[in-house]
Each structure stands twice: as C-alpha cells, then as structure tokens.
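All remarks here apply to the structure that follows.
We count residues from 1, following the sequence as given. Values below: all heavy atoms of this structure, side chains included; hydrogens, waters and symmetry mates excluded.
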Amino acid sequence: MWHLTMQDKKAYENAMRLFIYESDEEWTDYLAYAKENDIDPYKEKKQELDVIRDSLMNYLPLRFHTYILDSTLNTPDVPKTYTRRFFRMEK
C-alpha cells in the first residue's frame with residue numbers, strides 16, 4: 001500500500017497528463033511522423049504543456065520549472081537526466 005501526500009498524488013496525476021517520449025528512438029519516430037504529416041512537433045508539444053502549465057508549476061519540484069516555463073519539458077531538448085528524474089518523480 002502506498003502512502004502519498006495529496007501534493008504527491010496531484011503531481012503524479014498531472015505528470016501523467018503530459019506525454020513525453022522516453023527514448024531517442026521514440027523521439028525519432030515521432031519527429032518522422034510529424035514531418036510526414038506536416039505537424040509542427042514543437043508547437044504541438046507546447047500546446048500540450050500550456051494546458052497543464054499552472055498545475056505543473058504548483059506540483060513539480062523547482063528544478064523542472066525552467067523547462068516548464070520555456071515549453072521544453074516535453075521535447076527532446078531537455079537533458080536526459082531531467083527526463084529520467086521526471087519519470088521517477090525524484091524530489
């Protein structure tokens with residue numbers, strides 16, 4: 001049984017609303033798909049992030065805020081160490 005604070009629960013729920021590819025291969029596939037379908041992948045990812053930006057700012061640790069504010073948290077531009085921390089929800 002897990003014992004989470006309400007803040008941890010909210011952070012987890014909001015993080016799960018944001019789709020981030022974990023591997024370089026997944027990003028490559030997504031970027032190829034976007035190119036084939038005339039999708040601007042960075043614009044699309046920014047729109048996804050904009051929907052939940054405020055709640056992410058409230059619940060994610062400060063080290064993620066730079067990437068939330070510059071709309072790169074869910075792009076391949078984020079350093080892999082931050083992506084791994086995001087998926088593990090390390091404090």
Side-chain angles (χ1 to χ4, degrees):
M1 175 179 251
W2 286 24
H3 298 282
L4 301 173
T5 66
M6 187 57 90
Q7 182 176 357
D8 289 338
K9 181 180 183 285
K10 289 280 189 191
Y12 177 80
E13 289 172 350
N14 285 316
M16 293 303 105
R17 292 176 57 195
L18 188 65
F19 193 81
I20 300 175
Y21 295 103
E22 292 185 58
S23 71
D24 290 338
E25 182 180 339
E26 290 172 320
W27 277 116
T28 301
D29 291 347
Y30 169 70
L31 294 172
Y33 169 82
K35 184 176 182 178
E36 289 172 8
N37 293 284
D38 288 330
I39 297 170
D40 180 344
Y42 288 92
K43 182 178 178 183
E44 183 177 78
K45 291 298 178 184
K46 182 182 182 315
Q47 289 171 343
E48 290 174 7
L49 188 60
D50 286 347
V51 172
I52 58 173
R53 179 182 317 277
D54 292 339
S55 57
L56 291 175
M57 292 294 289
N58 287 326
Y59 295 111
L60 288 180
L62 288 174
R63 72 172 165 273
F64 293 108
H65 287 197
T66 300
Y67 302 106
I68 296 168
L69 293 171
D70 71 4
S71 299
T72 60
L73 181 65
N74 58 339
T75 69
D77 299 337
V78 173
K80 293 198 183 316
T81 56
Y82 282 87
T83 303
R84 284 192 294 272
R85 287 178 184 163
F86 181 80
F87 284 114
R88 289 193 310 245
M89 288 303 294
E90 292 178 352
K91 297 271 177 184

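- Asp38 places no side-chain N or O within 3.5 Å of a backbone atom of Ala34 that could act as its donor or acceptor partner.
- Within the 4.5 Å cutoff, the side chain of Pro41 has no heavy atoms near those of the Lys35 side chain.
- Here the closest non-hydrogen pair linking Tyr67 and Leu49 is O-CD2, 4.1 Å.
- Atom OH of Tyr21 and atom OG1 of Thr75 lie 12.5 Å apart (nearest 0.5 Å).
- Between the NZ atom of Lys43 and the CG atom of Asp50 there is a distance of 11.5 Å, given to the nearest 0.5 Å.
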### Task
Test Arg53 against Lys46 for side-chain contact (heavy atoms from CB on, under 4.5 Å), laying out the working first.
CA-CA 10 Å; Arg53 179 182 317 277; Lys46 182 182 182 315; 4.3 Å; yes

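- Nearest heavy atoms, His65 versus Leu60: NE2-O, 3.1 Å.
- Residues Tyr42 and Pro76 have side chains in contact (heavy-atom distance under 4.5 Å, counting atoms from C-beta outward).
- For the pair Glu26 (side chain) and Glu22 (backbone), a donor-acceptor distance under 3.5 Å is present.
- A search for side-chain hydrogen bond (donor to acceptor under 3.5 Å, both in side chains) contacts involving Asp24 returns Lys80, not counting sequence neighbours.
- Between atom CG of residue Asp29 and atom OG of residue Ser23 there is a gap of 7.5 Å, rounded to the nearest 0.5 Å.
- Not one N or O on the side chain of Asn37 forms a donor-acceptor pair closer than 3.5 Å with the backbone of Ile39.
- There is no path of hydrophobic side-chain contacts, each under 4.5 Å, that joins Phe19 to Tyr33.
- Nearest heavy atoms, Thr72 versus Val78: O-CG2, 2.6 Å.
- Taken from CG in Asp54 to OH in Tyr59, the straight-line distance is 11.0 Å, to the nearest 0.5 Å.
- Geometrically, Lys45 engages Tyr30 in a cation-pi contact defined by less than 6.0 Å to the ring centre and at most 45° from the axis.
- Once rounded to the nearest 0.5 Å, the distance linking CZ of Phe64 with CG of Leu62 reads 10.5 Å.
- The distance from the CG atom of Asn74 to the CD atom of Gln47 is 11.0 Å, given to the nearest 0.5 Å.
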